[in-house]
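Everything on this sheet refers to the single structure shown next.
Everything numeric here is computed off the predicted structure, so don't read it as measured data.
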Amino acid sequence: MIELKQIKKSFQDHEVLKSIDLSVEKGEVVVILGPSGSGKTTLLRSINFLEPADGGTITIGDLTVDAKKATHRQIREIRKKTAMVFQLYNLFKNKTALENVTEGLIVVRKMQKAEAETIGRRLLDQVGLQGRYDAYPSQLSGGQQQRIGIALALAIQPEVILFDEPTSALDPELVGEVLNVMKEVAKQGMTMIVVTHEISFAMEIATKIVFMDGGVVVETGIAKELLTAPKNPRTRAFLQRILPNDYDYQI
């Protein structure tokens with residue numbers, strides 16, 4: 001369903017992504033792990049051209065584009081197939097929860113306001129924000145704001161949702177409520193690519209783990225297999241630092 005081939009990205013003289021290949025099947029939940037500076041977020045942002053790659057090809061469904069030569073029309077088509085959930089929510093501060101969710105439907109999709117609001121309320125209910133339709137972001141917790149971000153992503157009915165460290169800005173007690181919503185979205189069959197440090201989420205929900213370091217994919221594998229018996233020494237060393245002491249791994 002999604003295939004990245006030889007994705008490259010440099011910032012001035014610093015090569016951040018070094019010919020990355022990655023395949024994601026429909027309905028998979030792929031978690032990208034790795035130390036800071038490994039290129040995880042840049043890879044995620046390259047998929048929908050928030051950070052255009054310098055080379056390689058991106059395929060989503062029946063659309064394949066050259067990352068370096070993509071036209072504006074091709075980029076728009078890619079973005080219709082993807083939705084991004086950001087670290088810092090990326091909400092309109094002057095709009096209510098419902099207005100944030102419906103904005104894209106009304107302005108971009110040209111949907112009638114009443115229809116958009118029906119969809120928006122249903123999605124806010126789905127992420128546990130019943131009765132908070134008229135609340136502004138400043139009146140909500142970080143966890144609630146991030147749940148609006150997930151509802152906003154679901155509203156455009158994407159083929160894949162990209163999550164960029166969605167819990168990293170949250171207080172620890174709010175992390176669980178966002179992860180629970182993500183788990184429910186995954187159970188409904190949504191294809192997801194998640195950059196996260198939440199190893200418990202990776203253990204429970206991921207179908208595939210991708211470990212990156214230094215701008216390359218070091219190891220990819222079925223989640224349980226990679227987390228219990230990583231083959232690469234670099235993966236093994238990373239997991240030894242982040243896995244809980246009582247986790248049943250063979251490293």
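Using a 4.5 Å heavy-atom threshold, the side chains of Thr96 and Asn100 count as separate. Counting heavy atoms from C-beta outward, Ile148 and Val127 have side chains that stay 4.5 Å or more apart. Proximity of Leu124 to Arg132: side-chain heavy atoms (C-beta onward) are nowhere separated by under 4.5 Å. Considering only heavy atoms from C-beta on, Ile156 comes within 4.5 Å of Arg109 through its side chain. In this structure the side chain of Leu44 never reaches within 4.5 angstrom of the side chain of Leu50, judged on heavy atoms. Between His197 and Ser168 the shortest side-chain heavy-atom distance does not fall below 4.5 Å. Residues Ile150 and Met182 form a side-chain contact, since some pair of their non-hydrogen atoms from C-beta on lies under 4.5 Å apart. Counting only heavy atoms from C-beta outward, the side chains of Thr82 and Pro158 never approach each other to under 4.5 Å.
Checking side-chain atoms of Lys40 against main-chain N and O of Pro35 turns up a donor-acceptor pair under 3.5 Å. Between the side chain of Asp54 and the backbone N or O of Ser10 there is at least one donor-acceptor pair closer than 3.5 Å. In this structure, Glu165 contributes its side chain and Thr41 its backbone to no donor-acceptor pair below 3.5 Å. Judged by distance alone, the side chain of Gln74 and the main-chain N or O of Thr71 form a donor-acceptor pair under 3.5 Å.
Within a 6.0 Å sphere centred on CD of Gln130, heavy atoms belonging to other residues, nucleotides or ligands number more than 12. The environment of CG in Leu63 is crowded: more than 12 heavy-atom neighbours from other residues, nucleotides or ligands sit within 6.0 Å. More than 12 heavy atoms of other residues, nucleotides or ligands shown are found within 6.0 angstrom of NZ on Lys93.
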Item to complete: For side-chain contact (heavy atoms from CB on, under 4.5 Å), just list the numbers for Gln144 and Leu129, CA-CA rounded to whole Å, side-chain angles, deciding distance to a tenth of an Å, and then say yes or no.
Response: CA-CA 7 Å; Gln144 290 171 323; Leu129 290 174; 3.8 Å; yes
Practice prompt. Begin with the C-alpha distance, continue with both residues' side-chain angles, and end with the deciding distance and a verdict on side-chain contact (heavy atoms from CB on, under 4.5 Å) for Ile161 and Thr191.
Written response: CA-CA 6 Å; Ile161 300 181; Thr191 306; over 6 Å; no
Item to complete: Show your reasoning for whether side-chain contact (heavy atoms from CB on, under 4.5 Å) applies to Asp164 and Leu162.
Response: CA-CA 6 Å; Asp164 183 17; Leu162 312 171; over 6 Å; no
Discussion item. For Glu103 and Leu152: C-alpha separation, side-chain torsions, deciding distance, then whether side-chain contact (heavy atoms from CB on, under 4.5 Å) applies.
Written reply: CA-CA 9 Å; Glu103 177 78 6; Leu152 196 159; over 6 Å; no
Item to complete: For salt bridge (charged side-chain N to carboxylate O under 4.0 Å, His left out), just list the numbers for Lys231 and Glu219, CA-CA rounded to whole Å, side-chain angles, deciding distance to a tenth of an Å, and then say yes or no.
Response: CA-CA 8 Å; Lys231 297 175 182 177; Glu219 187 170 354; over 6 Å; no
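With values rounded to the nearest 0.5 angstrom, Ile47 atom CD1 is found 7.0 Å from Ile60 atom CD1. The CE atom of Met212 sits 12.0 Å away from atom OG1 of Thr235, with the distance rounded to the nearest 0.5 Å. The CD atom of Gln112 sits 11.5 Å away from the OG1 atom of Thr118 when rounded to the nearest 0.5 Å. Separation of atoms CZ (Arg236) and CG (Leu226) is listed at 10.5 Å; rounding is to 0.5 Å. One distance of note links CD of Gln157 with CG of Leu123; it measures 8.5 Å at 0.5 Å rounding. Distance check, rounded to the nearest 0.5 Å: OG of Ser141 to CG of Leu170 gives 8.0 Å.
Note on Arg121 versus Glu117: salt bridge recorded, some NZ/NE/NH1/NH2 to OD/OE distance being below 4.0 Å. In summary, Lys81 and Asp62 engage in a salt bridge, as defined by a charged side-chain N under 4.0 Å from a carboxylate O.
One hydrophobic cluster, built from ILVMFWY side chains closer than 4.5 Å, holds both Ile7 and Phe11. Hydrophobic clustering (side-chain heavy atoms under 4.5 Å, transitive across Ile, Leu, Val, Met, Phe, Trp, Tyr) groups Met1 together with Leu4. Linking Ile, Leu, Val, Met, Phe, Trp and Tyr whenever their side-chain heavy atoms come within less than 4.5 Å puts Phe238 and Val194 in one cluster. Hydrophobic clustering (side-chain heavy atoms under 4.5 Å, transitive across Ile, Leu, Val, Met, Phe, Trp, Tyr) groups Val175 together with Met192. Tracing side-chain contacts under 4.5 Å through hydrophobic residues (I, L, V, M, F, W, Y), one never reaches Ile106 starting from Ile119; they form parts of separate clusters.
Pairs engaging residues 114-143 under the ring pair (Phe, Tyr, Trp, His ring centres under 6.0 Å) rule: none recorded [sequence neighbours left out].
Taking every heavy atom of both residues into account, Gly143 and Leu174 meet most closely at N-CD1, 3.8 Å. The shortest non-hydrogen separation linking Asn232 to Arg234 is OD1-N, 2.8 Å. Considering all non-hydrogen atoms of both residues, Gln139 and Asp134 come closest at OE1-O, 4.3 Å. In this structure, Ile209 and Ala202 approach most closely via the heavy-atom pair CD1-CB, 3.8 Å. Summarising the geometry of Val85 relative to Pro166, their closest heavy-atom pair is CG1-CB, 4.3 Å, with the distance given to 0.1 Å. When all heavy atoms are compared, the tightest approach of Leu105 to Ala116 is CB-CB, 4.0 Å.
For Phe49, the side chain to side chain contact (heavy atoms under 4.5 Å, CB included) criterion is met by Pro52, Ile58, Val65, Ala70, Ile75, Ile78, Arg79, not counting sequence neighbours.
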When the side chains of residues 14-34 are checked against the rest of the protein, which donor-acceptor pairs come out under 3.5 Å, sequence neighbours left out?
{"residue": "Lys18", "atom": "NZ", "partner": "Gly214", "partner atom": "O", "Å": "3.2"}
{"residue": "Asp21", "atom": "OD1", "partner": "Gln6", "partner atom": "N", "Å": "2.6"}
{"residue": "Glu28", "atom": "OE1", "partner": "Glu25", "partner atom": "N", "Å": "2.8"}

